[in-house]
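Since the structure comes first, as C-alpha cells, the remarks are kept for the end.
For this chain, numbers begin at 1 and follow the sequence in order. From a predicted model like this one, the values you see are computed outputs, not experimental measurements.
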Amino acid sequence: MTSGLLCLLTLPFVLGQTTGDLEPLIPSTPSSSFPDSMLKSGFNNSFGPSLGSVSQSLSNFTGFEDDHGTCQCSVTLPDTAFPVQRVERLEVTAHVLSQKFEKELSKVREYVQLISVYEKKLSNLTIRVEIMEKDTISYTELDFELIKIEVKEMEKLITQLKGSVVGSTAVVNQLEVEIRNMTLLVEKLETLDKNNVLAIRREILALKTRLKECEASKGENVPAAPPPPSSGSCGHGSVVNISRPTVVQLNWRGFAYKCGAWGRDYSPQHPEGGLYWVAPLNTDGRYLEYYRLHNTLDDLLLYINAREQRLFYGQGAGIVVYNNYMYVNWYNTRNIAKINLRNNRAEVTQTLPDAAYNNRFSYASVGWQDIDLAVDENGLWVIYSTEASTGNMVISQLNDTTLLVLNTWYTRQYKPSVSNAFMVCGVLYATRTLNTKEEEIFYYYDTNTGKEGRLDITLHKVQEKIQSINYHPFEQKLFVYNDGYLLNYDVIFNQEPK
C-alpha cells in the first residue's frame, strides 16, 4: 500500500515535468521517511487538499497496487503539441496584410494631397469665374479665330494691293509690316488672358479703315479689269500656273492598279454636264479591260450608282471621253477606236497613219502610251510619234465622227523624254519629272501660230509617277491619274487675251 501511494504522489511530478505546467504538490521526500501511521491516519487530513487539486487537474488517470505490491498507473495526457505550422502561416498572413495596409495607406495619403491641390484649383477657378461674371466683356476662343480670319483677309488684300499699285508703295509696305506684327501679337495673346483682346480689336479696326482708304485711292487711278473669259472659250491667254492638287480618291479597283486615266465627258452642246469616268488599266499597265461611269461627282466619291463596263481591246492610258464617246488605242495596233458609252460598242475604228505603237515611243516611265488622245476647246486631238519624226512629238487634230486626221503639226520635242502631255486651246503642254513630288510643264507648242518654247510651271503630285493628264475645257481643270490616285488641278490663265 505504501508503494501504491508513493506512485500516486509521484505522478504530479512526472506530469509537471512533461507538460511544463504543473508544480510538485508535495516535497520530494523519500518514501521511507513517511511513518506508516502518518500514511494511514494522516493522509486524508494532511494531503487531502493537494490531492484533491491533482484529481481535479488530472482526472484522466487510474492507479492500483498489484499482488506483488507494485504500483500500476495509467495516465491519459491531453494533446499539448505546439502548432508550429499554424503559427508560421499566421505570421505570413499577418505580414501580407501589413503590406497591403501600408500600400492602401500610401494611396490614401496621395489622394489626400491631390484633393488638396484640386481644392486650391477649384477655389482659384471660382474666383476667376466670379470676376468674369462681374465684367461686361467676355471673350472665348472663337474671338481669336475670328481675329485670325480678319487678319488673313487683310494679308490677302495687301498682297493684291502690292501687285496692282503703280508707283510708290511705301504706304502699302508700311501696312504690310503692321499686319505682320498684328499676326504675331494675336498669336502671343492666345497664351494670355482673353480680356486683352479689346486693344487688338481697336487696332484692327484702325488698320481696316486705312486699308479701305488705300483701296479707294487705288481705284480712282486704275481702270476696271475686264471680266474673265467664259468657261469653254479661248478668250484668255496661255497657261501661267497650276494650282496644288486636290486628291479626289483612290481608284475603285485599288492601290495595285497604278496605271490608268480618269476625267469628265465634255460636250460643246452641253458643257456644264457630262459623266465622270474612271478607267484603271490591269496590273500589267497595258490592258484596259474595265471602266466605270458616274453621273455625278458625289456618286464617284461614294462609289455608288456606277455603271461598270468591260472592254476586250483597250491599250494604254491615253484615253479620253468626248461628247459621250470614249476614244482608246486598239490593243496591239496603231488603230483608234470610238466606243459609244450608251451600249459599250466600238462604232468606228481608224488607223492612225505611220504612228509608232507598242512601246516604240511611249512617255518616259509610262508604258503603252505611244498614242495619247486629248480633248480641248477645239475638239479631239492625238499626240504620238512616227519613225519619220525620229521619236519627236507629232500632233494631229481628228474628226471626232470619222477619226480621220484633219491636220498635223510636227514638233522638235523628243516624246520619250516627256512624262506626259495635254492640250488647251490648240496648244500642246508637255511635262517632265523633277523629283518624286514635282513635275514641270516645261514645253509648249502652239498649233495656232506654229511657235514652240520653254516654260517652268511646277505641277505638284502626291505619288511618284503621273500616268495620264486630261483637260476639261468647261471646268478648266486637269484630271490627273497619279499612281492609282485621282487628282484635280485648277488651270490658271493669263487674263490678257491672245
Completion exercise
Applied to residues 415-434, the ring-ring contact (aromatic ring centres under 6.0 Å, His included) test, sequence neighbours excluded, yields F422-Y429

Practice task
May I ask you to check if R334 and Y357 form a cation-pi contact, with NZ or CZ under 6.0 angstrom from the six-membered ring centre and within 45° of the axis?
Solution key: no

Practice task
Might you point out which heavy atoms bring Y313 and R345 nearest each other, and give the distance in Å?
Solution key: OH-C, 4.4 Å

Handout entry: Flag for D446-N448: side-chain donor and acceptor within less than 3.5 Å
Key = yes

Practice task
Taking E439 for its side chain and H460 for its backbone only, find out whether a donor-acceptor pair lies under 3.5 Å.
Solution key: no

Exercise for the section: For a side-chain hydrogen bond (donor to acceptor under 3.5 Å, both in side chains) with Q315, tell me which candidate from T333, N332, D370, N358 qualifies. Expected result: N358

Handout entry: Interatomic spacing from NZ in K465 to OG1 in T433 - rounded to 0.5 Å
Key = 9.0 Å

Handout entry: Atom pair OH (Y266) and CG (N324), whose distance is rounded to the nearest 0.5 Å
Key = 15.0 Å

Practice task
Take the angle between the ring planes of Y322 and Y327 and call it parallel below 30°, perpendicular above 60°, tilted in between.
Solution key: tilted

Practice task
Supply the atom-to-atom distance L398 CG to L380 CG, rounded to the nearest 0.5 angstrom.
Solution key: 5.0 Å

Exercise for the section: Give a yes or no on this: more than 12 heavy atoms of other residues, nucleotides or ligands lie within 6.0 Å of atom CZ of R454. Expected result: yes

Practice task
For this output row, return yes or no: ring centroids of F479 and W262 closer than 6.0 angstrom.
Solution key: yes

Handout entry: Under-4.0 Å salt bridge between K338 and E347
Key = no

Practice task
Flag the pair V239 / F493 as yes when at least one side-chain heavy-atom distance between them is below 4.5 Å, and no otherwise.
Solution key: yes

Problem - K415 to F361 six-membered ring, cation-pi geometry met (6.0 Å, 45°) - result: no

Problem - Polar side chain donor-acceptor pair, N282 to E289, under 3.5 angstrom - result: yes

Exercise for the section: Before giving the answer on side-chain contact (heavy atoms from CB on, under 4.5 Å), spell out for M423 and Y471 the whole-Å C-alpha distance, their side-chain angles and the decisive distance to 0.1 Å. Expected result: CA-CA 7 Å; M423 299 291 296; Y471 171 69; over 6 Å; no

Fill in the blank from the handout: Minimal heavy-atom distance between A261 and Y481, with the atoms involved, is N-CD1, 3.5 Å

Handout entry: Passing option when D372 is tested against N470, V382, N420 for side-chain contact (heavy atoms from CB on, under 4.5 Å)
Key = N420

Practice task
Looking only at non-hydrogen atoms, find the nearest pair between W409 and W381 and report the distance.
Solution key: CZ3-CZ3, 3.5 Å

Practice task
Can you tell me which residue pairs pass the ring-ring contact (aromatic ring centres under 6.0 Å, His included) test with a partner in residues 267-305, sequence neighbours excluded?
Solution key: Y287-Y331

Practice task
Report yes or no: does N251 contribute a side-chain atom to a donor-acceptor pair with the main-chain N or O of G484 at less than 3.5 Å?
Solution key: yes

Exercise for the section: Assess whether side-chain contact (heavy atoms from CB on, under 4.5 Å) is satisfied between F442 and V418, documenting all intermediate values. Expected result: CA-CA 9 Å; F442 76 102; V418 172; 4.0 Å; yes

Practice task
Would you mind telling me which of L275, D265, L300 makes a side-chain contact (heavy atoms from CB on, under 4.5 Å) with L293?
Solution key: L275

Practice task
Decide side-chain contact (heavy atoms from CB on, under 4.5 Å) for I466 and T431; before the verdict, give the C-alpha distance in whole Å, the side-chain angles of both, and the deciding distance to 0.1 Å.
Solution key: CA-CA 10 Å; I466 286 180; T431 64; 5.9 Å; no

Problem - Gap between atom CD1 of I242 and atom CG of L459 - 0.5 Å precision - result: 6.5 Å

Problem - Pair N407, Q397: side-chain N/O donor-acceptor within cut-off below 3.5 Å - result: no

Exercise for the section: Grab the two heavy atoms, one from G391 and one from S385, that are nearest each other, plus how far apart they are. Expected result: O-OG, 3.1 Å

Fill in the blank from the handout: In short, N329 meets L373 closest at the heavy-atom pair N-CD1, 4.5 Å

Practice task
Tell me yes or no: between the side chains of E377 and S233, is some donor less than 3.5 Å from an acceptor?
Solution key: no

Problem - Where G367 and S362 come nearest, the two heavy atoms and their spacing - result: C-OG, 3.6 Å

Practice task
Dump the intermediate steps for side-chain contact (heavy atoms from CB on, under 4.5 Å) on V480 and Y489, then the final yes or no.
Solution key: CA-CA 8 Å; V480 176; Y489 297 81; 3.4 Å; yes

Practice task
Evaluate whether atom CZ of R310 has more than 12 neighbouring non-hydrogen atoms of other residues, nucleotides or ligands under 6.0 angstrom away.
Solution key: yes

Practice task
Indicate yes or no: at least one non-hydrogen side-chain atom of I395 is less than 4.5 angstrom from one of T408.
Solution key: no

Problem - Salt bridge flag under 4.0 Å for residues E464 and K437 - result: no

Exercise for the section: For N482 and V462, indicate whether the former's side chain and the latter's backbone hold a donor-acceptor pair under 3.5 Å. Expected result: yes

Exercise for the section: Tell me yes or no: between the side chains of S396 and Y384, is some donor less than 3.5 Å from an acceptor? Expected result: yes

Handout entry: Pair S267-Q269, side-chain donor/acceptor within less than 3.5 Å
Key = yes

Exercise for the section: Any chance you could measure S419, atom OG, to K461, atom NZ, to the nearest 0.5 Å? Expected result: 7.0 Å

Exercise for the section: Compute whether any side-chain donor of one residue and acceptor of the other, for T349 and N335, lie under 3.5 angstrom apart. Expected result: no

Exercise for the section: Count the heavy atoms belonging to other residues, nucleotides or ligands that lie under 6.0 Å from NZ of K258, then report whether that count exceeds 12. Expected result: yes

Fill in the blank from the handout: When rounded to the nearest 0.5 Å, the distance separating CG of D376 from OG1 of T447 is 8.0 Å

Problem - Partner residues of K477 under the salt bridge (charged side-chain N to carboxylate O under 4.0 Å, His left out) criterion, sequence neighbours left out - result: D490

Practice task
Verify, without hydrogens or angle tests, whether N340 (side chain) and Y325 (backbone) share a donor-acceptor contact under 3.5 angstrom.
Solution key: no

Handout entry: Heavy-atom side-chain proximity of F474 to E272 below 4.5 angstrom
Key = yes

Practice task
Evaluate the side-chain proximity of Q467 to D483: yes if any heavy-atom separation is below 4.5 Å, no if none is.
Solution key: yes

